[in-house]
Amino acid sequence: MNDKILGIDLGTTHSAVAVVDAGFPLILADRDGNRLTPSVVHYPAGGGEPKVGHEALRMRSTAPKRTVYDVKRFMGRRTTDLKEDERNIGYELSTDPGSPIEVLMGESSVRPESVSAAVLAHLKRVAESAMEASLDRAVITVPAYFNDAQRQATLEAGRQAGLKVERIIHEPTAAALAYGLHRLKESSRIAVYDLGGGTFDITILEMVDGVFRVLATHGHTRLGGHDIDQSIVEHFLEQEELQKSKKELLQSPETMAKLRAAAEQAKKTLSQELETWIEIPFLTQSLHMRFPFHRETLEKLAAPWIDRTRECCLRAMHDANVESQELDQVVLVGGQTRMPMVRERVGDFFQCSDFEETRGNIRLGQDFHAQKGPTLNVGQHPDEAIALGAAIQGAMLSGSLEHMTLLDVTPLSLGLETFGGLMNVLIPRNSTIPLKAGEVFTTAVDNQREILIHVLQGEREKASDNWSLGRFVVPFEPSPKGVPRVGVQFEIDANGILHVLARNLHTGEEQVLEIQSAIDVTDQQVTEMVESSLEHALEDMDSRHWIEQKLKADQLTQAAQSSLVHASGLISTEEREAIEQKISLIRQIIGSENTESRTGDTDRLKQGIRELDEATQELAAGLMQEMATKLNPLP
Ligand code: AMP
């Protein structure tokens, strides 16, 4: 067995495999010389080995129901995550509410990870044949925004393909490695803008003294070239020739597949030309389609999609605490960045001051010195960079490339629900992984029999606004509040997978949380989560302050109420009435909570707590004195 570790870019539309050989990262081509393999798998009707790549792609128009493409979008997801338009793909997806997605083919069905496994097994064969050696270790890349379930599904695909997955790394991180960030100045910063077929990521990386650090990452798990293609198709359907038959066209998957293919082809052509002709002779029996399509029109259709990436770029810079002038380079990856408009817009987003076009192979080790803004680095092969980077990471792991370490980050914060329904963050967003973090929790009331450990992911203050990753209960023997203690540890391994461990510190008993295999939230919600945290920052802060004061008020009113029972002889009737009045005032404030704007309520509650505190001073002192006398009776 060869000790080389393969680098695999398991892409939405295309996949590629690379290896570092004699110190050089190389893309490995199949026997026909193809360096990219379409991520497409065809399952023959009569059974037998599935066909993968170009061979499968050719079957897409004739057997769409048995030819699976774009399956990366469905990895680790459940049927409830799907939007209706996502089912519009030519093959059938299962509908059982809440179950993991399956591709249905007549009697049989196949899971997305098995489809990806077929692609990975194909790439393994391509590599083995190119290297004339048996190879079974790999580094596989995933988008930065893949959640735990999606990473797990990727690992599972690797396992099914007979690969030992040594590491899962972010695609932009891999791209930065391929572009030779490590050969820039001693300390350099780089942004990787990756716009592919189905996903978008922006990552800010830093390289200091041979150590890579991801400073921040943002993205959309459902934004890419396909969306632009879809807008083009919609534009075609508005053309005079097609408008009349629109309803009929929309109902035929084969026709829609033809239109989508024409749209994508036109889009690619317009990366070089200013005008192209859309020609489909037999779109239907009676319909022949022929009309011109201009770059200007394409740009109008694409602009909203490209502009949606701008906000992510700004946020990533904000999170990384860098200004665009402090970046050395902006690297473009993903097939869609071949579009001239994407290059121009990204140049604007980052205020790039110059342009570096790399011809031929990707150059490693160039020393760029941008004077003002960063250099916009446009690789000749934006679709190969990720696999090359993964191979470099593989070589780093196998020890054939030294002096480099790779640190990755968590895309969203992880934490636990606390008393009162707030999110208590244990691992903040953008923390470097692998890492461990822990905290000790205790009970809030006497004789509490259990503590609920509710694991959350997200950026909002209230637990209910974040996603639930799972929950479990730690039981106790009845004892006074504050005595039982549970240590909770979060560990994120090098693959970005979360393990939650809870230990009863008295009995030593441990429980490990099995994170459910898919999270019932849509990818759209991932983006919305990050966006809504900023949007709702003020109201979230209001909620937190209100809940904290409410908990405090509950504790204080309960304590004051029970003290009053033992108060006879210690305070005057007026003092008792004053305390009772303050307690009822607090209850009134809590009861009349205005959920629209809590700021005023929180201030009133704070004031009420202060007044109750003052009103009970005398009583508290009296009770203390009484207790001291009981404990040390005077002779
Ligand atoms: P990837 O997921 O990185 O393989 O990117 C695939 C996406 O890039 C698809 O949406 C393609 O249509 C798009 N793409 C590939 N080549 C070009 C090109 N020359 N011009 C514009 N888009 C392209």
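We're numbering straight along the sequence, starting at 1. Both ligands and their constituent atoms are indexed starting at 1 by order of listing.
The closest heavy-atom contact to atom 11 (C) of ligand 1, among the options E264, M341, Q265, E171, comes from E264. One option in G198, A302, S271 has a heavy atom closer to atom 21 (C) of ligand 1 than any other, and that option is S271.
Looking at E238 and K246, a side-chain N of the basic residue comes within less than 4.0 Å of a carboxylate O on the acidic one, giving a salt bridge. For the pair D307 and R345, the salt-bridge criterion is met [side-chain N within less than 4.0 Å of a carboxylate O]. The existence of a salt bridge linking E49 and R125 is excluded, since no basic side-chain nitrogen approaches an acidic carboxylate oxygen closer than 4.0 Å. Between E264 and R260 there is no salt bridge, since no side-chain nitrogen of the basic residue lies less than 4.0 Å from a carboxylate oxygen of the acidic one.
Annotation: side chain of H42 is in contact with side chain of R66 (closest heavy-atom distance under 4.5 Å).
One side chain, D70 or H226, offers a donor N or O that lies under 3.5 Å from an acceptor on the other. Residues S15 and S39 bring a donor and an acceptor atom of their side chains to less than 3.5 Å of each other. Inspection of the Q152 and E156 side chains reveals no N or O donor paired with an N or O acceptor under 3.5 Å.
Close contacts of ligand 1 with H14, meaning ligand atoms under 4.0 Å from a residue heavy atom, involve 4 (O). Numbered from 1 in the order shown, with element, the atoms of ligand 1 that lie under 4.0 Å from a heavy atom of G196 read 1 (P), 2 (O), 3 (O), 5 (O), 7 (C). Heavy-atom proximity to G334, at under 4.0 Å, picks out these atoms of ligand 1: 3 (O). Annotation for ligand 1: atoms under 4.0 Å from non-hydrogen atoms of G225 are 10 (O).
At a heavy-atom cutoff of 4.0 Å, ligand 1 is contacted by both the backbone and the side chain of Q336.
For L195, no nitrogen or oxygen atom sits less than 3.5 Å from a nitrogen or oxygen atom of ligand 1, counting backbone and side chain alike. Between G197 and ligand 1, an N or O atom pair is found at a separation short of 3.5 Å. Residue K267 has at least one nitrogen or oxygen atom sitting less than 3.5 Å from a nitrogen or oxygen atom of ligand 1, judged on distance alone.
Of the protein's non-hydrogen atoms, the one nearest atom 23 (C) of ligand 1 is G335 O, 3.3 Å. Closest protein heavy atom to atom 19 (N) of ligand 1: R338 CD, 3.4 Å.
Using modelled atom types, one side-chain atom of T154 and one backbone atom of Q150 make a donor-acceptor pair closer than 3.5 Å.
At least one heavy atom of T13 sits under 4.0 Å from some atom of ligand 1.
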